[in-house]
There are 2 protein chains.
Amino acid sequence: MDNHLSSVKNSCRLLKTFLDSDKEMGVSELSRQLQLSKGAVHKLLMTLESEGFIKQNPANKQYSLGYTLLELGNKVLRNHDLSEFAKPFLRKLAESTNELVCLCVQDEFDAIYVDKIDSKYPIRFNVEAYRRFPLYATSAARVILAFQDDEVIDHILSGEIRTFTPYSLKDPAGIKERLHAIRQRGYEMSSNLRNEGVTGIAAPIRDANGAVNASISIIGPSDRVVPVYQNFIDQVLATTREISSQLGYRGK
Amino acid sequence: MDNHLSSVKNSCRLLKTFLDSDKEMGVSELSRQLQLSKGAVHKLLMTLESEGFIKQNPANKQYSLGYTLLELGNKVLRNHDLSEFAKPFLRKLAESTNELVCLCVQDEFDAIYVDKIDSKYPIRFNVEAYRRFPLYATSAARVILAFQDDEVIDHILSGEIRTFTPYSLKDPAGIKERLHAIRQRGYEMSSNLRNEGVTGIAAPIRDANGAVNASISIIGPSDRVVPVYQNFIDQVLATTREISSQLGYRGK
DNA sequence: ATGATTGTTCTCTATACGTGAACATCGTTT
DNA sequence: AAACGATGTTCACGTATAGAGAACAATCAT
């Protein structure tokens with residue numbers, strides 16, 4: 001870990017520990033989780049609080065994330081051209097399918113839903129926006145991963161593979177085969193791999209250079225989605241091709 | 001600036017400079033804005049990037065905010081009990097008024113809209129959620145400020161007063177009078193102070209101790225809102241009183 | 001080609017960081 | 001009440017390190 005500012009790194013780690021906790025946290029608990037002295041954690045908190053990144057509950061002296069992070073997070077979205085650009089396409093797709101439609105992007109070795117439009121049906125599936133998940137886990141993510149360099153794929157598959165249902169893919173070789181198949185046919189469809197009874201259909205968005213960093217997917221209860229899957233595949237592909245073309249992509 | 005970690009403070013300042021810029025920024029520009037050496041800024045960026053708080057565009061080497069901030073910002077909202085709790089009340093109010101309805105909270109010496117439901121009318125006014133603004137600037141904010149301690153009020157009014165329209169309040173003494181009036185009657189209504197042709201009606205939410213940290217407001221074009229203002233005042237007051245009461249407030 | 005920008009790397013010293021322990025405040029338990 | 005255990009907060013100190021400044025590399029414009 002050279003040329004890294006240790007206290008800055010610690011402050012980042014501190015903020016991120018709040019992601020895995022639903023409650024406020026105190027100095028002692030943070031000091032345990034981060035393996036830092038209480039004094040150091042306290043100084044970190046004082047500094048972060050003075051900048052609005054952390055706020056302290058006066059009643060119980062516990063700390064939680066501050067509103068400045070809300071501002072910054074929102075700014076990420078507003079600076080994110082693609083979500084602005086893709087919005088009308090998502091809306092159109094949501095209207096014609098009535099199912100959950102998501103815009104997924106890659107960030108390092110994770111995937112994130114940066115936008116979504118919920119299904120109108122009373123019985124519908126839901127995803128959590130803005131939360132990271134592994135690139136091998138969902139249709140929307142795999143359809144991005146499939147177009148990455150082999151080194152990236154190998155690096156990700158050489159790590160621990162998390163499973164979510166009894167059907168989740170867990171064999172690296174099997175996943176790799178599947179990725180090649182996706183690359184061949186240009187889309188992905190899967191059921192039960194992330195959530196039982198749920199089917200996702202996803203296609204990649206290409207930028208002007210042909211690189212894939214994002215995808216659009218339709219997700220819904222299998223008994224509604226599977227009977228019309230060919231129609232949905234056609235619609236997602238039509239949408240992502242139109243977007244890719246408007247982004248300057250000149251491929252098939 | 002004692003017992004503050006300077007590099008952490010710098011990293012916070014660095015992230016916040018992106019709030020006032022709509023584009024990516026490079027080392028040199030940041031170094032100028034922050035008055036830090038290029039080397040120092042570079043190290044900050046490397047560290048923040050390794051934690052996902054910053055990302056670099058490989059094409060032009062410029063930097064922008066990273067997706068981890070999106071995660072953290074979203075977490076702030078999910079941890080914010082009030083917005084979850086107030087949601088159904090907002091929806092009801094939006095449905096019966098058809099105008100923009102906002103939930104506003106105080107953070108230090110600023111106000112932030114943490115939730116809103118847009119008007120259904122084709123001609124409608126819009127606010128930017130999650131962005132700070134001064135506590136004296138809008139109805140929603142003033143109705144919170146009015147119930148703060150005098151020291152807080154004086155501190156805020158002793159600073160620079162920003163104006164937004166030719167009608168914006170700018171005389172500290174006049175604002176203070178207005179705040180007292182708000183306190184008397186329990187709500188605020190104003191036109192043209194933040195945006196010309198726009199009228200806001202706001203009432204405070206009280207917690208179990210009677211403290212005011214949030215408000216609900218109805219905002220819309222004056223020619224639609226003013227004619228029915230008494231009705232809207234009654235509805236906002238009924239809503240905030242119901243919420244306050246459910247939060248444990250036992251006042252009038 | 002030249003020059004003026006950039007981003008990145010390097011060396012070096014003042015200092016700011018993190019530790020560890022002491023102190024202060026809480027609730028609980030006995 | 002009194003003693004305990006847990007908290008959050010403060011402090012002094014030595015070492016690791018953060019930040020300055022200059023050199024280097026890589027662009028882009030002229």
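Chain letters run A, B, ... following the sequence lines, proteins first and then strands; every chain starts at 1. Keep in mind that this is a model prediction, so the values were computed, not measured.
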[M] and [N], which share atom name [atom1], separated by this distance in whole Å:
N      : M      : atom1 : answer
C/dT25 : D/dA12 : C1'   : 23 Å
D/dG14 : D/dT10 : P     : 23 Å
C/dT13 : C/dC17 : C1'   : 15 Å

- prompt: After noting the C-alpha distance and the side-chain angles of B/I54 and B/L14, does the key distance pass the side-chain contact (heavy atoms from CB on, under 4.5 Å) rule?
  reply: CA-CA 10 Å; B/I54 282 284; B/L14 188 154; 4.2 Å; yes
Integer-rounded Å distance: [N] [atom2] and [X] [atom1]:
X     : N      : atom1 : atom2 : value
A/I54 : D/dG8  : CD1   : P     : 13 Å
B/Q35 : D/dG19 : CD    : P     : 15 Å
A/Q56 : D/dT7  : CD    : C1'   : 12 Å
A/L36 : C/dG18 : CG    : P     : 7 Å
B/K9  : D/dA18 : NZ    : P     : 17 Å
A/N60 : C/dC26 : CG    : P     : 12 Å
B/M46 : D/dG19 : CE    : C1'   : 16 Å
B/L30 : C/dT6  : CG    : P     : 12 Å

Flag side-chain contact, heavy atom, 4.5 Å: [X] against [Y]:
X      : Y      : value
A/T239 : A/V236 : no
A/Y249 : A/R241 : no
B/V8   : A/L44  : yes
B/L19  : B/R131 : yes

message: As a test of reading the structure: which of D/dA20, C/dG7, C/dG20 is closest to the side chain of B/A40, going by heavy atoms?
response: D/dA20
- request: Could you please name the option among C/dG20, D/dT10, D/dG21 that lies closest to any side-chain atom of B/S37?
  value: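 My answer, after comparing the listed nucleotides, is D/dG21.
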task: Kindly determine whether B/L45 and B/Q56 satisfy side-chain contact (heavy atoms from CB on, under 4.5 Å), including the steps that lead there.
output: CA-CA 9 Å; B/L45 287 166; B/Q56 187 179 32; over 6 Å; no
Is the shortest side-chain N/O distance from [X] to OP1 or OP2 of [N] below 4.0 Å?
X     : N     : value
B/Q62 : C/dT6 : no
B/R32 : C/dT6 : yes
A/S28 : D/dG8 : yes
A/Y63 : D/dT7 : no
A/H42 : D/dG8 : no

statement: Taking Watson-Crick and G-U wobble contacts under 3.5 angstrom, with | marking pairs to another strand and [ ] crossing pairs, the secondary structure of DNA chain D is written |||.||.||||||.||||||||||.|||.|
query: Do you know which two heavy atoms are closest between B/I144 and B/A140, and how far apart they sit?
result: CG1-O, 3.5 Å
task: Could you tell me how the ring of B/F133 sits relative to the ring of B/Y113: parallel (under 30°), tilted (30 to 60°) or perpendicular (over 60°)?
output: tilted
query: When B/Y67 is tested against each of A/R132, A/E108, A/H80 for side-chain hydrogen bond (donor to acceptor under 3.5 Å, both in side chains), which residue passes?
result: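 Only one option passes, and that is A/H80.
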Pairs under 3.5 Å (N/O, protein and nucleotides 10-17 of chain C):
| residue | atom | partner | partner atom | Å |
| --- | --- | --- | --- | --- |
| C/dC17 | OP1 | B/S6 | N | 2.8 |
| C/dC17 | OP1 | B/S6 | OG | 2.9 |
| C/dC17 | OP1 | B/S7 | N | 3.2 |
| C/dC17 | OP2 | B/H4 | O | 3.3 |
| C/dC17 | OP2 | B/S6 | N | 3.2 |

- request: Decide side-chain contact (heavy atoms from CB on, under 4.5 Å) for A/Y136 and A/R162; before the verdict, give the C-alpha distance in whole Å, the side-chain angles of both, and the deciding distance to 0.1 Å.
  value: CA-CA 9 Å; A/Y136 49 78; A/R162 288 170 56 202; 3.6 Å; yes
message: ring pair (Phe, Tyr, Trp, His ring centres under 6.0 Å) for A/Y63 and A/F18? Distances and angles first, verdict last.
response: CA-CA 10 Å; A/Y63 297 88; A/F18 283 94; 8.3 Å; no
So which protein N/O to nucleotides 24-30 of chain D N/O distances come out below 3.5 Å?
none

task: Scan A/E29 against the nucleic acid and name what it touches under 4.0 Å (heavy atoms): base, sugar-phosphate only, or nothing.
output: nothing
message: Walk me through whether A/V127 and A/C102 qualify under side-chain contact (heavy atoms from CB on, under 4.5 Å).
response: CA-CA 9 Å; A/V127 298; A/C102 295; 3.7 Å; yes
task: Check the pair B/Q62 / B/N57 against side chain to side chain donor-acceptor pair (under 3.5 Å), numbers first and verdict last.
output: CA-CA 5 Å; B/Q62 299 271 97; B/N57 183 342; over 6 Å; no
